[in-house]
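Every number for a ligand or one of its atoms is a count from 1 in the order of the listing. FYI, side chains are in, hydrogens and waters are out, and symmetry mates aren't considered; it's all heavy atoms of this structure. Index from 1, following the sequence.
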Amino acid sequence: MTTVTYSVPNISCGHCVHTIQTEIADLAGVQSAKADAATKKVEIVFDNPATEEKIKALMAEINYPVAA
Ligand SMILES: [Cu+2]
């Protein structure tokens with residue numbers, strides 16, 4: 001199990017939090033996704049077949065790209 005925390009500048013409200021948590025949780029292998037509008041961060045716990053690459057690609061796809 002791997003835990004990552006990403007900075008996501010586009011998070012601005014509860015809707016963003018909900019969208020991100022729902023979309024990321026749907027990715028196979030993701031155990032949990034917790035977004036925070038105050039800190040603009042997302043904490044994701046995952047295992048195979050999810051990878052950081054896939055998570056970042058999905059974040060970009062839903063218009064919440066991870067900060068470099
Ligand atoms: Cu929002």
Quiz prompt | Beyond-backbone contact of I44 with E52, side-chain heavy atoms, under 4.5 angstrom | solution = no
Practice problem: Please tell me if the side chains of I11 and I20 come closer than 4.5 Å, counting only heavy atoms from C-beta onward. | Solution: yes
Practice problem: Provide the closest heavy-atom pair for A37 versus S12 in the form atom of the first, atom of the second, distance. | Solution: CB-C, 4.4 Å
Exercise. Of all the heavy-atom pairs spanning P65 and N10, show the shortest one and how long it is.
Key: CD-ND2, 3.6 Å
Practice problem: For the pair V45 and T2, evaluate side-chain contact (heavy atoms from CB on, under 4.5 Å) and give the outcome as yes or no after the intermediate values. | Solution: CA-CA 6 Å; V45 180; T2 307; over 6 Å; no
Quiz item: When you check the space around the Cu ion (ligand 1), which protein N, O or S atoms turn up under 2.8 Å?
Solution: C13 SG, C16 SG
Self-check item: A35 backbone acceptor or donor facing K40 side chain under 3.5 Å
Solution: no
